[in-house]
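Here the structure is laid out as C-alpha cells; the discussion comes afterwards.
Throughout, a chain's letter reflects where its sequence line sits, starting with A, and its residues are numbered from 1.
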Amino acid sequence: MTDKKKLVLIDGNSITYRAFFALPPLSNSKGQYTNAAYGFTTMLLKLLQDEQPTHLMVAFDKGKATVRQQIYAEYKGTREKTPGELREQFPIVREILDSFGIPYVEVEGHEADDIIGTITQEAEQIGYDSLVVTGDKDLLQLVSDRVTTMLTRKGISETEKYTEKEIQERYGLTPLQIIDLKGLMGDTSDNIPGIPGVGEKTALKLLAQYPTVEEVLAHVDEAPGKKLQEKLREHADSARLSKQLATINRAVPLDIDFESYRFESYDAGKVREIFKALEFKSLLDRLPEGGSESELVEQEPAVKQEAVTTQIIAADELAGIIEKLPATVGFYLDLEGNYQFGDLHGLAIATQEAAWYLPFDKTLPAELGALFQDQTKTKVFYDVKAVCTALKKHDIDLDHNVFCTLLGSYLLSPSEGTPDLFEVIEHHSGWRLSPLPKGTAKKPVEISLEERANLAGAVAAANVHIAEKVGEALEAGDLMALYRDLELPLSFVLADMEGLGVRIDTSELREIGENLKERIEALQKEIYELAGSEFNLNSPKQLGEVLFDKLGLPASKKTKTGYSTSADVLEKLAEHSPVVQKILEYRHLGKLQSTYVEGLLNAARQNGDIFRVHTQFNQALTATGRLSSTEPNLQNIPIRTEEGRRLRHVFVPTDPEWKILAADYSQIELRILAHISGDENMIDAFVHDEDIHTRTATQVFEVTPEEVDSNMRRAAKAVNFGIVYGISDFGLSQNLNIPRKQAGQFIASYFEKFPGVKRYMEDVVDQARRDEYVTTLLGRKRHLPDINASNFNMRSFAERTAMNTPIQGTAADVIKKAMVNIHKEMQERSLRANMLLQVHDELIFECPPEEIEELKELVRREMEQVTALSVPLKADLNVGDTWYEAK
DNA sequence: ACTTTAACC
DNA sequence: CTAAGGTTAAAGT
C-alpha cells in the first residue's frame, strides 16, 4: 500500500469563467443558466476519473483583490462586469461541491491564485504531489517537481499538463520566470500594462538573454533595437509593477487543514438529486461509482440515532406502557405500500428516549384503541390522514389531539412538494435515519423483525423530536393558525372521505367501455386506410412521421424530439386531410377508454356486490394549497365533451334511493381577485351578480351587453383567465390564436377598465420582491426566491406566481374552510349524508332523499358564508341520481 | 426514467 | 428574444 498523497487544487473562478464562455448559453427548463456549472462539473468528473485524487479542494476569489488594488488601482480595471448569467452560477457550483463534500476556500481580499499558491507551498513541504487546475497561465509559476499545473486549452474540454519540462520546452523558461514574462508583456485581461509593444515573442527573446525583469532592465543597452531600448527605459517602472502584480502571494493568512481536503467517497444520492434538479442528465451516467471505475462508494447514512433502542412488545404489554408514557408520544405506522390497502407490519410507539414496536398479525390489536383515543396525550404522526384512514378500516378512531409533521412541514415550504420524512428529520434534528426498506410484490423485503423494529422505533422517536421544531417554525412563520384551525381539522374530513370512497356502477362502466371499444376499433381501421399504412396510433413519433413525412401535411410546432401532434396542432390541420379529424376523435375516445374506463375499473374495490373507488387526497403537495387526488384521480373526470361527461353516470350514491348533490362555487377565483384588488368595477359586477365574462367583454370591446357576441365573450373569458394566471400577451395570443399585438391591446384595455386589478398586480409583485414570498387570505405562504433573479424566465415565472398564488391559494383556503365547517355541522346534526369529493371549487355529496333539503340549505350557507369578502360568494347546487345528473 | 399527450379546475 | 396558474395518468421511447 502506498501512502502517496495527491492533492488536486481547482481554480474555481478561472474554470467557471472558462466554461461559461466556452459553452453555449444552456439553460434548463426552469430557465436557470447552467452552462458554466455544467462545464465546471464536467471538468470535476474528469479530474476524479483521470487523476484519482486523494485530496481535493477548490479556491474562489473573494472580494476585491485588495493588495493588488492598493499597488495598482487599475488592476483588472478593463474587465467587463461579470454577466448576471454567470454570476448566478457560482452558487450552483458551490452547491455541487457541497453535494460531493468537496471543500472550497475563499479568503476576503485574496484571489484564488494566491490561495492555491499558499496551499501548494505547504503541500510541497509535507510531501504531497499537487495538481493545479486552471485556465490562467500565471499559475505556471507554481510548478515544481511536486507541483504540476493543468491548463485548459480551447474551451475546457482539452487540457495540457505542465511540469518544469513542458514549461522549458514551450517557453524556454523556468516556472518562476513566468512572472518575468508577464512583467514584460503584461496581461490585457487583468489590465496589467507590462511594456507597451512587447509581446510574448519579444519578452521571451529578452528573457533568453537575461533571466529576470530586473536583469533585463539593468542591461537595457544590450536589448536589440533602439526603439525597444527606449520603450524599456520609459516603462521600466511599469515592468517592475507588472511583475509584482503577476507574482502569486504564497503567504495568504489561511488555516490549511489537509485532512479536510481528503476525498474518499461522496453521497451519490445527494449528487444525483442535484444533477437531476439542474437537468445534468448526461452527467448522471458519468458519476464515478463503486466498481472498477474508481473506489468511490456511496456513503452509508452517517449518523444513526443510537440513543433509542426499540423494545419489541406484544399487545398485552401495551396497557403497562401506556401508563408510563409522557404527554407527547410519537408513532410510526409501519406499512407496506398504499395506506388504504397495504399490509400493516406493526406500529412503533416512542418518546424521545425510548421506543416500542408492536408487530401486527394481519389485524390491529383492539388494545390500541385506548392509546389512540387518549385525549390527554398529544400523538405525533408523520401523516395523520394516512394513519387515520388506515385505522378506520380496523374500526379504530383517532382522537384529534395529534400533531402531523407532514402537514406542518408542508406549510413551511409548499413549493418543495411533499416533504420527505427522512429529510425533515435530518433537517430538524441532524439525525440521518435509514428509511425502512420497501418490498415489491415480486420480491418482499428480507428484514428481521428486530431490524424493522429498530428502524421504525428510531423514526417514531425522531418524529417526537421534530414535532417540537416544526411547531416552533409554524409559530415563527405565522402559520400555526392555518395549520391548527384549517389544515389539521381538514385531515380528518379527508380521511372520512377517503375511507368511505365513492360507489361506482361497474356494469354501466363496462357498457361504456364496450361502446368505446367498438368505435375506437372502427376509427383505427378508417385511419389506417386513409393513411395508407398501419402504425401505432398511440405513438406521437410514428403519427408524426405518417402525417408530416408520408402525407406531407404542414408541420407547425416542434417538440424536443420531433413533430408535435398535440390537439391544437391537429385542429389546424383538420381542413387539409379528413384523417386528422379521425385521429382527434381516436385520441379522445382512447383517452376516455384507457384513463377512465380502464383506470376506474382497476381502481374499484369490491365489497359484497358493491364497487367503490377510494381516492387519496394529497393534502401536502401543491405549491398553492390546493388538494390533489390520486389512485384514482377523481379531480379530472371529464365534463367538457358530452362523450366524456357520460362517464359521470357511473358515479352513484351508495344506496340507489339516495341522491348526489354537487355544489360548486361560481367564479370563485375572480370573486377573490375582486376582493383582494378592491377593483370597484369588478366588485360592482359581482355585487349585481352579472355574468363576469360578458361584463368584461362590454368593457374591453366598449359595447353594450346586447352587442356582446359569443366570440367576444370567449375572448373576454380568456382574458379573465389570463389575468388570474398572471398574464402575458404571448400566452393570451396562443390561447386565443390571435396575433400577439392584438392580445396586448386586449390586456391594455382590460387594465384601463379595471385599474384596481392592474394596481393589485403591480403591488403584489412589489411586495413579493421585498419579502420573497406571497400569502393568501388565511396566511398560507409561498416562497418566491426567484422573484429577484437576473434571469428573465425565472423572474417572470416568479412574478406570474406572485400574481396567481394569492388568488388560487385563497380559493383553496376558502373551500377547505367550508369543508371543515360543513363536515362539523353534518356531524352535529347527525346527518346520514356523506361528503364524497372535492374538485377545487366544488363539493360532491351523497344524501338520503329526506335530507336533501336540509343538506342543500346547510351546504349553501356554509359555502357562501364561510368568509365575508367585499363581494358575495355564490354556490350553485344541483341534485341528481348520479354525478352526471347533478348538473 | 423521461417525454408527449390529454383530462380537470 | 423569452412567454399562461395548479394538477394526474397513460402510453411510448
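- Rounding to whole angstrom units, CZ of residue Phe617(A) and P of dG6(C) are separated by 21 Å.
- For Gln808(A) and dA4(C), the CD to P distance is 16 Å, given to the nearest whole Å.
- Between the side chains of Ser677(A) and Asp679(A), no donor N or O sits under 3.5 Å from an acceptor N or O.
- Taking each heavy atom of Met835(A) and Met497(A) in turn, the nearest pair found is O-CG, 3.3 Å.
- Judged purely by atom type and a 3.5 angstrom limit, Gln838(A) has no side-chain atom pairing as donor or acceptor with the backbone of Leu627(A).
- Residue Ser539(A) has a polar side-chain atom (N or O) positioned under 4.0 Å from OP1 or OP2 of dT13(C).
- The six-membered or imidazole ring of Tyr884(A) lies away from that of Phe651(A), with a centre-to-centre distance of 6.0 Å or more.
- Contact annotation for Ile637(A): backbone-only contact, meaning every heavy-atom pair under 4.0 Å involves sugar-phosphate atoms and none involves a base.
- Using a 4.0 Å heavy-atom cutoff across all strands shown, Arg740(A) reaches at least one base atom of the nucleic acid.
- Closest contact between the side chain of Thr565(A) and the listed nucleotides dA3(C), dT5(B), dG6(C) involves dT5(B).
- Atom name P, nucleotides dA6(B) and dC1(C): the rounded distance is 29 Å, in whole Å.
- Residue Gln616(A) has no polar side-chain atom (N or O) positioned under 4.0 Å from OP1 or OP2 of dT8(C).
- Going from atom NE2 of His588(A) over to atom C1' of dC8(B) covers 13 Å, rounded to whole Å.
- Between the Gln89(A) side chain and the Ala36(A) main chain, a donor and an acceptor come within less than 3.5 Å of each other.
- Of the options Val597(A), Leu647(A), Ile520(A), a side chain to side chain contact (heavy atoms under 4.5 Å, CB included) to Leu592(A) is made by Leu647(A) and by none of the others.
- The phosphate of dA3(C) (OP1 or OP2) has no side-chain N or O of Arg800(A) nearer than 4.0 angstrom.
- Taking the 5.5 Å centre cut-off and the 30° plane limit, the aromatic side chain of Tyr725(A) is classed as stacked on dG5(C).
- Backbone-only engagement by Gln542(A) is indicated by non-hydrogen atom pairs under 4.0 Å involving sugar-phosphate atoms exclusively.
- Of all nucleotides listed (dA9(C), dT7(C), dA7(B)), dA7(B) comes nearest to the side chain of Tyr596(A).
- Atom-to-atom, CZ of Arg626(A) to P of dG5(C) comes out at 13 Å; the value is rounded to the nearest Å.
- Among the protein residues, Ala623(A) comes within range of the sugar-phosphate backbone only, with heavy atoms under 4.0 Å from sugar or phosphate atoms but none that close to a base.
- Contact annotation: Asn536(A) side-chain N/O to dG12(C) OP1/OP2 distance is under 4.0 Å.
- Residue contacts shown for Thr801(A) are absent, as no nucleic acid heavy atom lies under 4.0 Å away.
- For the OP1/OP2 pair of dG12(C) and a distance below 4.0 Å, the side-chain nitrogens and oxygens of Lys541(A) include no atom meeting the criterion.
- For the pair Thr595(A) and dA10(C), the criterion of a side-chain N or O lying under 4.0 Å from OP1 or OP2 is not met.
- In this structure, OH of Tyr410(A) is placed 12 Å from C1' of dT7(C), rounded to the nearest angstrom.
- Distance CZ (Arg795(A)) to P (dC1(C)): 18 Å, rounded to an integer number of Å.
- At the phosphate of dT13(C), neither OP1 nor OP2 sits under 4.0 Å from any side-chain N or O atom of Thr561(A).
- The side chain of Ser564(A) contributes an N or O atom lying less than 4.0 Å from OP1 or OP2 of dT5(B).
- Phosphate proximity of dA9(C) to Ser594(A): absent, as no side-chain N or O sits under 4.0 Å from OP1 or OP2.
- Under 4.0 angstrom from either OP1 or OP2 of dG12(C) there lies at least one side-chain N or O belonging to Asn538(A).
- For the OP1/OP2 pair of dG6(C) and a distance below 4.0 Å, the side-chain nitrogens and oxygens of Arg782(A) include at least one atom meeting the criterion.
- Taking only side-chain nitrogens and oxygens, Ser566(A) never comes nearer than 4.0 Å to OP1 or OP2 of dT4(B).
- At the heavy-atom level, Ile807(A) lies nowhere under 4.0 Å from the strands shown.
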